[in-house]
Amino acid sequence: MLRLKRIIPLLMALLMLTLALYPGHGQANAQSASSTDEKRTLTIGLSPDFAPYEFLMTVDGNSKVVGSDVMIAEEIAKDMGAELVIEQMSFDSLIPALQSGRIDMIISGMTPTDERRQNVDFSDLYYTSRQVILTRSEDVDQYKTMDALEGEQIGVQTGSIQEEIANSIPNAQVTAVKTISDVVSLLSSDRVNAAVFEGPVAEAQVKNRPGIAIAEAVPEDSDTPMAIAVQKGNTELVNEINVTLERLRATNAVDGFIQQANELNSGETAPSNIFSFFWKYRGFYADGVKYTLLLSALGVLFGFLIGLLIALLRLSGVKILKWIAVTYIEVLRGTPMLVQLLIIHFGLASAFDIKFSVLQSGIITLSLNSSAYLAEIFRAGIQNVDRGQMEAARSLGMPRGMAMRTIIIPQAIKGVLPAIGNEFVVIIKESSIVSFIGVADLMFQANAVRTLTYSGLYPLVIAAGIYLVMTLILSKLLNVLERRLSAGDSR
Amino acid sequence: MIAVKNLQKSFGKNNVLRGIDTEIKKGEVVVVIGPSGSGKSTFLRCLNRLEDVTGGEILFEGQPITDKKHNIDKTREKMGMVFQQFNLFPHKSVLENITLAPIKLQGLSKADANKRAEALLQSVGLADKKNAYPVQLSGGQKQRIAIVRALAMQPHVMLFDEPTSALDPEMVGEVLDVMKKLAEDGMTMVIVTHEMGFAREVGDRIVFMDGGVIVEQGTPEEVFGAPKNVRTQDFLSKVL
């Protein structure tokens, strides 16, 4: 007979171990291990979904960050005599990471806007890109001037400068989506007729995806400069960076880097067989599975404990506690998990300056959400235990708490184990939502592969297959546990 | 040992107990009889406060246990109770059912608790069932284990709430035998039952309840042999 008491320390130990195995904060790990000797390291942050500036490439099934920004960073590190360490994260996590000192600088195609200048310092500009209009090849002649775009369906990436440009086109119907490859998918599936893109990014897409082309129309005043961000007041580093940028400018090196990166990018040909496709990108999926499992395991563990507590509050018989529990359950069950996630990750940060890392936000959201469902499951389980059990325990002199712990709850949990297992399976699937804020889970990695391969179907089918395997294995494990726990009812 | 003064209990507007006065002496075996709905089970459950009383007072060994400030858990350790539906803990083995409370509440070592449990199991003829789970036992066996579980706390009094009502007829005897032996050993007992033969044989005092009050009480000879009250006569004529 398994006892909760014995399981909890085990789970805790497991938790410690897992956390120890996951350095970093949910974003993909540093690419090159930092050396242990006194050699200086330069840690840069970037969001590798922006070919040809920074993007992912597969080397032996593992992902590697490449691109013109990476080449520039390598030059800077070389001049400084430092070793380069790359941290990947979502674009909107970059500035917080810099401010908290987790990275030394940002080089991620970032435009030094006034708003950003309030929070970080910027180097000299190292590149200025232009904006272009992307359309389907057969429509390319329709868009010779910007006027032709008036009232048109236009696709852009959410939160980008391109979105601002699209919004300034009269009567345009703008569709904004999360990633560059989604924008292109909108275009090729006729859902929009044009898209605003950064020049080199558009060229990379045209090269890799058939059926799209760059139109003649050019958005006005749309030059976007790029600079490297450092912590506010770190003039020493800015000066060092500027020396390197000056050297690169003298030889027009940046243009060369972009061309090189474009060639790297087009070198990526994805296998047409789904199995070899999976094998080639297995490293991505393996990384993603690790985070998905970590998130689900912790979400389930904390959800279990919080849910039990809430169920007990609800059944406590004290009116105010019951009210709190009911409100908690109704609010968490009655609002979308995505909204909860965004409130916890972005809402709390902007309103109360509570800044969780993406991984923390993901775990907290999953725990809270599942705790509400588990609380109701536990309540049903506890209420289903025969009243006589509590009376018998109390009649022996056990206080209410002890009777709950030793007599009622073990029976309640046993009774609702299938329902709990169901909830665990749900959490594994729902955990995919955290990719939204940039946790490098399975869904996030599937999207990365999608961006990388310009393939719309395989990366998602493979992710679906892996989710299915995980949930099936979990169901089997729960069946085994259920059989183990059913000692004493040999019916 | 137990003094009950003007005990009242109501569930909402339903007055189940309407003023009960009685005293239970050390070593006495009191059998409570009466028609269903007479309040006899409620009366028993008030004695260890499984039901909170609405009015009146109960003193156990001199202490007012109906007082809100009284630690009822400590008192319950000295008052064993046996239920109609046995209420064994299905997720625990027979031995665990018996030793759980002595270990948790009296601080007995596992070895000592096991020794105590095994001796008690021996005395009810179920020593071979110590590793079984409740679901593997017959009703009569379950009830004997339930009695042993209560006895393992070494209570000063045992309360029985219709202990044989849920049993198949052929198993009633084995449970009553255990109770008889307990009575012979001098245990103070309060028994709610419909087993009139047993009541007559074992009871020191018979209490007949109806309508939430004690209608008549006395020795078995008095109550069964020459009931004075009309309601007692009526009830006995139906059950005997």
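In what follows, every chain begins at residue 1, and chains take the letters A, B, ... in the order their sequences are listed. All of these numbers come straight from a predicted model, not from anything done at the bench.
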Original post:
Checking heavy atoms, do the side chain of Met402(A), its backbone, both or neither come under 4.5 Å from chain B?
Top reply: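 Side chain only.
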
Is it the side chain or the backbone of [X] that comes within 4.5 Å of chain A heavy atoms, both, or neither?
X: Phe89(B); answer: both
X: Met79(B); answer: backbone
X: Arg45(B); answer: side chain
X: Leu88(B); answer: backbone

Euclidean distance, [Y] [atom2] relative to [X] [atom1], rounded to 0.5 Å:
X: Lys104(B); Y: Arg405(A); atom1: NZ; atom2: CZ; value: 6.5 Å
X: Lys92(B); Y: Gln411(A); atom1: NZ; atom2: CD; value: 9.0 Å
X: Ser395(A); Y: Met153(B); atom1: OG; atom2: CE; value: 9.5 Å

Subject >> Over all atoms of both residues, closest heavy-atom pair of Ala392(A) and Arg149(B) >> reply: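 Shortest heavy-atom separation between Ala392(A) and Arg149(B) comes out as CB-NH2, 3.4 Å.
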
Original post:
Which heavy-atom pair separates Asp73(B) from Arg394(A) by the least distance, and what is that distance?
Top reply: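 Heavy-atom minimum between the residues: OD1-NH2, 3.2 Å.
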
Heavy-atom count around [X] [atom1] within 6.0 Å, excluding the residue itself: above 12?
X: Lys78(B); atom1: NZ; answer: yes
X: Gln122(B); atom1: CD; answer: no
X: Lys26(B); atom1: NZ; answer: no

**OP:** Evaluate side-chain contact (heavy atoms from CB on, under 4.5 Å) for Leu100(B) paired with Leu396(A), printing each intermediate quantity in order.
**Re:** CA-CA 10 Å; Leu100(B) 185 68; Leu396(A) 288 166; over 6 Å; no

**OP:** Flag the pair Leu105(B) / Pro399(A) as yes when at least one side-chain heavy-atom distance between them is below 4.5 Å, and no otherwise.
**Re:**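 Sidechains of Pro399(A) and Leu105(B): in contact.
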
Original post:
If only atom types and distance count, is the side chain of His91(B) paired as donor or acceptor with the main-chain N or O of Ile408(A) below 3.5 Å?
Top reply: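 It does not hold such a pair.
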
**OP:** Examine distances only and state if a side-chain atom of Asn87(B) and a backbone atom of Gly388(A) form a donor-acceptor pair shorter than 3.5 Å.
**Re:**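 Yes; judged by distance alone, with no hydrogens or angles, the pair exists.
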
